[in-house]
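Side-chain atoms are counted along with the backbone in the values below, which use heavy atoms only and exclude waters and symmetry mates. Within every chain, numbering begins at 1; the chains are lettered A, B, ... in the order of the sequence lines, protein sequences first and strands thereafter. Since the structure is predicted, the reported quantities are computational estimates derived from the model, not experimental observations.
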Amino acid sequence: MSEVSETLARSFGLDAEEWGKVLEIMGRAPSLTELGIFSVMWSEHCSYKSSRVWLRELPTEAPWVIHGPGENAGVIDIGGGLAAVFKMESHNHPSFIEPYQGAATGVGGILRDVFTMGARPIANLNALRFGDPALPVTRRVVDGVVRGIGGYGNCVGVPTVGGEVNFHPAFNGNPLVNAMTVGVARADRIFLSAAAGVGNPVVYVGSKTGRDGIHGATMASAEFGAASEEKRPTVQVGDPFTEKLLIEACLELMETDAIVAIQDMGAAGLTSSSVEMAGKGGVGIELDLDAVPQRETGMSAYEMMLSESQERMLMVLKPERAEMARAIIEKWELDYAVIGRITDTGRIVVRHRGEVEADIPLSPLADQAPLYRRPAALPPKPARLAPLERHAPLDRALLTLIGCPDLCSRRWIFDQYDATVGGQTVKRPAEADAAIIRLEGGRRALAMTVDCTPRYCAADPEEGGRQAVAEAWRNLTATGARPLAVTDNMNFGNPEKPEIMGQFAAAIRGMASACAALEFPVVSGNVSLYNETEGRPILPTPAIGAVGVLEDAAQAVGYAARPGLALVVIGATRGELGCSLFLREIYGREEGAPPPVDLAAERRNGDFVRARILAGGVAACHDVSDGGLLVAVAEMALAGDCGVTLEGAGTAEYWFGEDQARYVLAVAEPAALLAAAVAAGVPAQHIGRAVAAKELTLPDGLAISLPQLREAHEGFFPRWFA
Amino acid sequence: MQAALLLFPGINRERDMIQAVRQSFGRAPAIVWHKETELPAGTDLVILPGGFSFGDYLRCGAMAAHSPVMRAVREHAGRGGYVLGVCNGFQILTEAGLLPGALLRNAGLRFLSMETRLSVERADTVFTRNWAPGAVFRAPMAHGDGNYTARTETLDRLEGEGLVAFRYADENRNGSARRIAGVFSPNLRVLGLMPHPEDLVDPLLGGTDGKPLFDSLAAA
């Protein structure tokens, strides 16, 4: 066994000050296992030591919030006695090292966070960012990540119904894989993780423990160097079949009154689950590692405590129900083992082969965990873009934009994801701005989306953070859903650099302002820092996952236009081309300030649109985002397999500007809509109509045939993977 | 019609199937765990829903074909009982020898999840009589191993004896021999198909194209 020293502590990711704290808490040199426990619990991944001071600024409360941040997932009341349980989590670092397994286990991990709380998972979404499509490595990573997400989600039987994908060279060495799961539970039967009841058995359920993923949490808390492939053994391997059994076994057990507390073994495995459960409950815990089901022989205490083997849960059970619980778990052919008990010592004591391998007081491990207010250099506000001198014709610009990697059809991706399993999918990808899943046995439905525009965040993190929240709210609204709450996945570079910490702080400030103004609290989240390779950080990416509710799934609208309908844009268009895709794809420029978000207008316009949809007068609705108005209208035509005839100004600013707080509505009676907009003080403009002829007639008189548009839109991915 | 739905570990489309059966039959099927050795008394129809039985870690359906309950299913089929296998259920039926052929990896080696169109090859069976002869209907598909294959003689026999139940009517995305999406047993009482009619039985979820299958059975 290696000698435990400051040098070893350094290699485990603890700095000198943190090592000093370990010595102070222990009053002696820690054992190897103890050092392992400290290092993972105090890793950035588990302790949020650089981000916590900033995360506190986010609004987390609303009358419908049942459990905000701090539990395995956020829980909100969705009416009818039901709760939505959801969270988004990153698996960025593993997904670069080993794309298939990295992405697959990302899905597995977030599913466990949700069913741990008693919810049946009803949908998965994902937010993906990849590097330059011209690089062969990007193609390999995209292929592996998509296969991994599909391989896990399809097998486990949870539909993958939504997501977003961006490409940018800043993600070359650090792709982002953020996975979100939404589940539904009875609002009065939510399971929490705080252990209780001295003497109660601590029970291990699920897969056996192996040597995979040891120190994954520490790996996820460091930058990459050139030799990151050598870290492949720290990536876990997923088994979606066992996960499916685990879901069914846990939900069946949760129908009984056997469970006192439950937590999945995620990052830092047995260590974090046992420490957090006992810590939250203010009790102690004893573990006997000889009882842990093991896949390999000769595993040490250190290896077992730090293994990140997948598909495992830790539970505290009522002793009199333990045998009944065993029968349920074993019916599902899963391992069940009593591996410890709850004590009143306030300590975690780990025994293995007759030796005490770890004995740590829990409250200092939690209370004295490092917490840093790192220096944050606020980024300078970018200058607004100067007016463009000359313009590409609208038709050419549209064809380029609608076919570029960031805007082209994602069909090649989502066709590999089972979107209908469960039999409740009302709107699948490319049908509506948010996925719509009906809740079994009723008419109620949930709407869900994930959103972020990293290029806005890079230019102005505060405006970008605000925009990410606003766009998620808008996407839910555009289906008719009432937006309820968000989960955030903060992906940033090295927080020890003041400019990165500054991006983080500014993004939080922007998000907080939008969450407050839109009554859209953050109920769960995840932070992924150190997304840098050889010193180059990613674009700051505060990905927002959001959930809304529809009382009646039949009220949901998609964005497919239909011939004969008038097209009306809601919201003001000034023609903001700063940071736009038009500027980047047509002019090769990434410049200017992102479009400002006016939260009052956002709220007013969105509430107006939602009310019109619920009143039944809107046949289709699409939010205006990347690529601006013309791209939004083109997507409506493609979805409806019809043409459009557009009128109005012929400028690129008007048609490709990315001004916020806008929607395109397809309606049979535009006059009534325009009158209602005037009455509500909402800008509205008639911009054209959908027609049966399969042609887009643009305001400058140019025309594009629908097949030509479709070919441009659908071509990129199939060509890339041909 | 009394239906019993088999639950193998890893099956994941049972909720979809229960919903479709309940809607047409007026009651949910009995749920039978794979370790049972008997079917509920009075079972007329055995349903094997989709999913990934035993993770499909061996050949798809190969492990489930040897589950204890399959002996009872064979006896049921031998007595002329009705059996419906969808997706993984179809794969299990071929592995169990209750239907001919096999389902290989999709031709493009990728999982395929999209809506497809199926032609009804004969509308005079207990499974298909609520469709008009020659009807084409929409059905979601979602599988990695739906590439139907069999010896040429077997394919000729299936065609000659009218045992092809459904064919892909638009693109043959998974590469199935002769575009076959579903087949009958010689007595027309066992049906296996890859796409999922059970996921299209409600206008709110995109249509009722799959409902005739369940309405046909309900009327038997």
Side-chain angles (χ1 to χ4, degrees), chain A residues 120 122 143 146-147 149-161 238-245 247-249 331-334 411-431 436-438 440-441 443 445 552-556 558 718 721-722, chain B residues 7-23 28 33-35 49-58 60 63 86-88 106 108-116 138-145 171 173 195-207 210:
Chain A
R120 176 171 287 281
I122 61 164
D143 188 39
V146 170
R147 283 182 192 273
I149 289 172
Y152 207 100
N154 298 343
C155 180
V156 85
V158 176
T160 301
V161 295
D239 175 0
F241 170 57
T242 299
E243 180 102 334
K244 170 67 175 167
L245 302 183
I247 293 175
E248 299 304 333
K331 180 190 107 178
W332 290 97
E333 300 176 20
L334 295 167
R411 184 170 307 282
W412 179 89
I413 295 177
F414 61 71
D415 276 359
Q416 299 182 57
Y417 301 152
D418 191 339
T420 54
V421 59
Q424 305 295 345
T425 304
V426 180
K427 297 285 183 201
R428 58 192 291 178
E431 291 184 350
I436 308 288
I437 304 293
R438 190 178 60 180
E440 237 175 64
R443 303 190 65 83
D552 183 346
Q555 292 178 309
F721 285 94
Chain B
L7 207 51
F8 302 89
I11 286 299
N12 63 28
R13 255 186 169 81
E14 73 280 9
R15 305 173 89 80
D16 318 39
M17 188 63 84
I18 291 167
Q19 181 170 265
V21 169
R22 181 185 284 133
Q23 183 185 323
W33 184 236
H34 75 116
K35 286 193 171 167
F52 288 70
S53 55
F54 299 93
D56 281 348
Y57 289 156
L58 195 55
C60 300
M63 298 273 287
V86 176
C87 200
N88 200 219
N106 293 342
L109 304 182
R110 287 185 190 276
F111 193 92
L112 294 171
S113 166
M114 67 267 297
E115 194 170 285
T116 186
R138 296 155 50 224
M141 62 184 225
H143 57 247
D145 300 75
E171 271 181 87
R173 295 180 179 88
H196 294 283
E198 75 276 19
D199 275 357
L200 209 53
V201 295
D202 184 340
L204 188 57
L205 305 189

Trainee: Side chain from CB out, backbone as N, CA, C, O: work out which of these in B:Asp56 comes under 4.5 Å of a heavy atom of chain A, or both, or neither.
Mentor: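 Neither the backbone nor the side chain of B:Asp56 comes within 4.5 Å of chain A.
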Trainee: Minimum heavy-atom separation for B:Phe52 to A:Phe241, with atom names?
Mentor: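 Scanning both residues completely, I find the closest heavy atoms to be O-CD1, 4.1 Å.
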Trainee: Write down the atom of B:Pro9, the atom of A:Leu245, and the distance for their closest heavy-atom approach.
Mentor: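 Closest approach of B:Pro9 to A:Leu245, heavy atoms only: CB-CD2, 3.6 Å.
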Trainee: Can you name the closest pair of heavy atoms from A:Asn154 and B:Asn12 and give their distance?
Mentor: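 Answer, listing the atom of A:Asn154 first, then B:Asn12: O-ND2, 3.1 Å.
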Trainee: Less than 4.0 angstrom from a charged side-chain N to a carboxylate O is my criterion; do A:Glu333 and B:Lys35 meet it?
Mentor: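 Here A:Glu333 pairs with B:Lys35 in a salt bridge, since their nearest N and O are under 4.0 Å apart.
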Trainee: If you measure from CG on B:Leu205 to OG1 on A:Thr420, what distance do you get to the nearest 0.5 Å?
Mentor: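 These two atoms lie 10.0 Å from each other.
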Trainee: Highest number of heavy-atom pairs under 4.5 Å with chain B: which of A:Ala556, A:Ala553, A:Ala419?
Mentor: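 Highest number of pairs under 4.5 Å: A:Ala553.
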Trainee: Please flag which part of A:Lys427 lies under 4.5 Å from any non-hydrogen atom of chain B: side chain, backbone, both or neither.
Mentor: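 Contact with chain B is absent: no heavy atom of A:Lys427 under 4.5 Å.
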Trainee: Which atoms of A:Arg411 are under 4.5 Å from chain B, going by heavy atoms: the side chain, the backbone, both sets, or neither?
Mentor: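 Neither part.
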Trainee: Under the side chain to side chain contact (heavy atoms under 4.5 Å, CB included) criterion, do A:Gln424 and B:Arg15 qualify, and how do the steps go?
Mentor: CA-CA 10 Å; A:Gln424 305 295 345; B:Arg15 305 173 89 80; over 6 Å; no
Trainee: State, to 0.1 Å, how close B:Tyr57 and A:Asp239 come at their nearest heavy-atom pair, and which atoms those are.
Mentor: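 What the structure gives for the nearest pair is OH-OD1, 2.5 Å.
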Trainee: Name the orientation class of the two ring planes belonging to B:Trp33 and A:Trp332 (parallel below 30°, tilted from 30 to 60°, perpendicular beyond 60°).
Mentor: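 It falls in the perpendicular class, over 60°.
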Trainee: Answer yes or no: is there a side-chain heavy-atom contact under 4.5 Å between B:His196 and A:Asp418?
Mentor: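 A side-chain contact under 4.5 Å is absent here.
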Trainee: With chain B as the partner, which of A:Cys155, A:Gly423, A:Gly422 has the greatest number of non-hydrogen pairs under 4.5 Å?
Mentor: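 Going by pairs under 4.5 Å, I would pick A:Cys155.
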Trainee: Tell me, for B:Leu200 versus chain A, whether the close heavy atoms (under 4.5 Å) come from the side chain, the backbone, both or neither.
Mentor: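 Neither the backbone nor the side chain of B:Leu200 comes within 4.5 Å of chain A.
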Trainee: Would you give the length of the straight line joining atom CZ of A:Arg147 to atom CG of B:Leu109, rounded to the nearest 0.5 angstrom?
Mentor: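 Spacing of CZ (A:Arg147) from CG (B:Leu109) equals 7.0 Å.
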Trainee: Side chain, backbone, both or neither: which part of B:Glu198 has a heavy atom under 4.5 Å from chain A?
Mentor: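 Neither part; nothing is under 4.5 Å.
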Trainee: For the pair B:Arg173 and A:Asp415, find out whether any cationic side-chain nitrogen is under 4.0 Å from an anionic carboxylate oxygen.
Mentor: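 The answer is no: the pair does not qualify as a salt bridge.
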Trainee: Answer with side chain, backbone, both or neither: which region of A:Arg120 has an atom nearer than 4.5 Å to a non-hydrogen atom of chain B?
Mentor: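 Contact with chain B involves the side chain of A:Arg120 alone.
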Trainee: If I take atom CG from residue A:Asp552 and atom CG from residue B:Leu204, how far apart are they, to the nearest 0.5 angstrom?
Mentor: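 If we round to the nearest 0.5 Å, A:Asp552:CG and B:Leu204:CG are 7.5 Å apart.
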Trainee: Out of curiosity, B:Leu7 CG to A:Glu248 CD, how far, rounded to the nearest 0.5 Å?
Mentor: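 Here the interatomic distance stands at 7.5 Å.
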Trainee: Can you sort out the partners of A:Trp412 under ring pair (Phe, Tyr, Trp, His ring centres under 6.0 Å), two or more places apart, ordered by chain and number?
Mentor: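 By the ring pair (Phe, Tyr, Trp, His ring centres under 6.0 Å) rule, A:Trp412 matches A:Phe717, A:Phe721.
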Trainee: With chain A, which of B:Met141, B:Gln19, B:His143 has the greatest number of heavy-atom pairs at distances under 4.5 Å?
Mentor: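 Top option by heavy-atom pairs under 4.5 Å: B:Gln19.
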Trainee: Determine the option with the most heavy-atom pairs under 4.5 angstrom with chain B, choosing from A:Val156, A:Val421, A:Val426.
Mentor: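 Going by pairs under 4.5 Å, I would pick A:Val421.
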Trainee: Is it the backbone or the side chain of A:Val146 that comes under 4.5 Å from a heavy atom of chain B, or both, or neither?
Mentor: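 Contact with chain B involves no heavy atom of A:Val146 at all.
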Trainee: Which answer fits A:Glu243, side chain, backbone, both or neither, if we ask what part of it has an atom under 4.5 Å from a heavy atom of chain B?
Mentor: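 Looking at A:Glu243, nothing touches chain B.
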